[in-house]
Asks: 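Please see the structure below; I have some questions.
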Amino acid sequence: MPIIDVAVPVPLRQTFSYSSEQLVAVGARVKVPFGRRQLVGVVVASRAEPEHSSENDTPVKLKAIAEVLDNSPLFNTTLIALAQWLSGYYHHPIGEVWATLMPSKLRKGALLSDAQPGWMLSEEGHDPKAIAGLRGKKQQQCLELLNQGPLASDEVKAQFSAAVIKALEDKGLIEATLITHPPAGDWQHFTLQQTPPTASTEQGVAIAAINQQPGQFVPYLLDGVTGSGKTEVYLQVIEPVLRQGRQVLILVPEIGLTPQTVGRFERRFGIAVGVLHSQMTDTARLQVWQQARRGDIGIIIGTRSAIFTPLKSPGMIIVDEEHDESFKQQDGLRYHARDLAVKRAHNEQVPLILGSATPSLESLNNALNKRYTHLTLQHRAGGASHTQLKVLDSRDQPLHAGIAQGLISIMRSHLQQGNQVLVFLNRRGFAPAVLCHHCGQSVDCASCERPFTYHKSQGRLQCHHCGASRRMPTQCGSCHSADLQTSGIGTEQLEQGLGKLFPDIAQVRIDSDAVKGKDKLINRLDEINARKYQLLVGTQILSKGHHFPHVTLVVVLDCDGALFSADFRAAEKLAQLITQLAGRAGRANKPGEMWLQTDNPGHPLLQDLINNGFSHFARQALQERKLAQLPPLSSQAVFRGEANDASQVINFLQQVKQCYGVSADVAHGSFIGPLPCLIEKRQGRFRFMLIMQCQQRAALHSWLKHHLKDVESLPLAAKVRWSLDIDPVDFS
DNA sequence: AGCACGCCGACT
DNA sequence: GTCGGCGTGCTC
């Protein structure tokens, strides 16, 4: 009887064998009995006969698989190869790798069918009187449309609102049905909906370079300042790819995926764009996943996990804003979608474009080493001038709402000219701490031991690490003094202070508290560009992908934290943030300026960035990384552990270190730690990390792999929650 | 990870 | 005398 090896979704670094009536294709899902439960796994190997085991081997009796869920492989060979590579590279259990590759419906065992949901007329709906009897014009039109035959829900939705459909369904005039033969995507025969703008010289060079080598793996770093027209380059290079009937996969950061981004691709080519992001329903997700797999859609644009989308005929992969940290998954299988894109493009033999105005040092290093083709766009489209960067020394200056006196007059002059001003502060809430004025004790979150952030609008304290919330106390927890004062400034307070400083100026705050609703962010951004507000206050969100043509002044209030951070990447992140923010201003012939308020005006990082720009800074930073033997000039992995008992975690990580200690000198590797994570305690558990570092990536990996079994069999490994993070980007 | 089995404390 | 605490061990 055939034997099937199955990757089962459990945190065990092995596969499990089952007997089966017939051979099952590798890459198909099966339902299998596992202990006392039934799980959905993926077939990773299938063989006709049990291997002839030597006589003294104890014969294991295999359980039989319960059900074959896919008649043909659900995943093609490149995705199977990708899963295997993931399991090896990230040292992660293969079953869990497969579980993260699958849309949740498939993970739960949903059967895949070619039928897609649609609407058709019910018996009553066929009655001609039904249409006449309807009041709503839209409902009548919808009914007429369906009178011509059943239609996929997607297409009905494109023309009629959900309310119309619901009304007709409630009246019993239409009913849900399944459409078995979905229209074959005819996307390769599009006609351009708009005449592409003439490419600039730089764009032309980039486009020509990319078009020159189609259908093979060539990685490009498209290093273009904000406003230089990277998206136009994407649009022009994907056109010939689409015309050949080959699909394009575009990855974008979590926050950058706005309808505008999608709209730009739809408008140019007039074809449907498949969208994948975390807020979609499972059904919608699976729908796009299937369309991509069948080849029904030509363009797929999505966030991190979209890198796992199956493609029938891949033609190109693009990672936009490739430096963005949201491409790194921070739990479970800690993959980096950008790195994975490189791997996948290689497997699929298609070109790969990594685009950014502020490339990650990893990608820049690869470009400088000629592993990637370096394409640069240094000029802003339409000749808009670059934003002027300046440092404002806030030492010994009176501060109002956290802003130095000198800056306020600069802001005033910009506002008086009718321009918009953007004030950036990466701290939401009213104040980052509440202190007792009597004993100096801060009000801390019990489970994280970090100060609560005060949110005045809710009158509550919020822990920004674990999300815990409590009422504002009336007295100090340790000395019972009633004299509690807020300390520091968050966006909420900044907004209030600016309201007092500029009472006649319309102001808006953009942070995750203020734009919680579904379309709120998009609406606010539209309002800003319609000049409804003149003063914009906000966090991170403002730095990502949105353009503010009327902003002529950007003010950054909290540079100092990043200048002296324990995280060696903090400077890189700050430089990226500042450069991205600077790119938001000074469009449309309005020269912009940007002021960085700091107590350390002479700091070399700030000076380098201001005087020489990001690309010089980045090259300088790479030199420093080289001297310090830090990534990307070395390779890192981090063991993290957390438990209620801090000493248990430290002991565990010490033991991990000992597991590897013997061969450390051989691999020229070293350890840092165990040391507390930057967020030392979260949700009541103490967190520590052990950093492993090697100059050679391959050495690190073989070293890691060699002793991982020893780590797993440590008694403490069962008591401490631990994880392994390859190529970590965040040490919190 | 689940989910069992298993062996010691406060309850009807 | 039981219900239930979570320690330990296994999953083809």
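Every chain is numbered from 1, with letters handed out A, B, ... down the list of sequences.
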Asks: Can you list every salt bridge (charged side-chain N to carboxylate O under 4.0 Å, His left out) pair that touches residues 710-719 of chain A, not counting sequence neighbours?
Replies: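 Counting only pairs at least two positions apart or across chains, the salt bridge (charged side-chain N to carboxylate O under 4.0 Å, His left out) contacts touching residues 710-719 of chain A are R13(A)-E712(A).
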
Asks: Sequence neighbours left out, what pairs pass salt bridge (charged side-chain N to carboxylate O under 4.0 Å, His left out) with at least one residue falling in residues 693-706 of chain A?
Replies: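 For residues 693-706 of chain A, and leaving out neighbouring residues, the salt bridge (charged side-chain N to carboxylate O under 4.0 Å, His left out) pairs sorted by first residue read R697(A)-D727(A).
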
Asks: Measure CD/Q38(A) against P/dC12(C) and give the value in whole Å, please.
Replies: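 My rounded result for the distance is 11 Å.
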
Asks: Sequence neighbours left out, what passes ring-ring contact (aromatic ring centres under 6.0 Å, His included) with Y89(A)? Give chain and number order.
Replies: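 ring-ring contact (aromatic ring centres under 6.0 Å, His included) check on Y89(A) returns W85(A), H701(A).
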
Asks: Can you see whether S732(A) engages D730(A) through a side-chain donor-acceptor pair at a distance of less than 3.5 angstrom?
Replies: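 Note: S732(A) and D730(A) side chains meet the donor-acceptor criterion.
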
Asks: By nearest heavy atom, map E96(A) and R36(A) onto DNA chain B; which one lands nearer the 5' end?
Replies: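 Upstream on the strand: E96(A).
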
Asks: Taking ring-ring contact (aromatic ring centres under 6.0 Å, His included) as the test, write out the residues that go with F34(A), two or more places apart.
Replies: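 Testing F34(A) for ring-ring contact (aromatic ring centres under 6.0 Å, His included), a comparison that skips the adjacent residues, returns F16(A).
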
Asks: Just jot down the ring-ring contact (aromatic ring centres under 6.0 Å, His included) partners of F308(A), sequence neighbours excluded, or say none.
Replies: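 Here the qualifying residues are Y335(A).
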
Asks: Tell me the salt bridge (charged side-chain N to carboxylate O under 4.0 Å, His left out) pairs involving residues 84-112 of chain A, sequence neighbours left out?
Replies: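 Salt bridge (charged side-chain N to carboxylate O under 4.0 Å, His left out) check on residues 84-112 of chain A returns K108(A)-D282(A).
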
Asks: Write out a two-atom table: protein N or O, nucleotide N or O from nucleotides 9-11 of chain C, distance below 3.5 Å.
Replies:
{"residue": "dT11(C)", "atom": "O3'", "partner": "G35(A)", "partner atom": "N", "Å": "3.0"}

Asks: If a pair satisfies side chain to side chain donor-acceptor pair (under 3.5 Å) and one of its residues is in residues 62-75 of chain A, list it, with sequence neighbours excluded.
Replies: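 Sorted result for residues 62-75 of chain A: R29(A)-D70(A).
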
Asks: Would you grab the first and last nucleotide of DNA chain B (5' to 3') that comes under 4.0 Å of any non-hydrogen atom in chain A?
Replies: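 The protein-touched segment is dA1(B) to dA4(B).
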
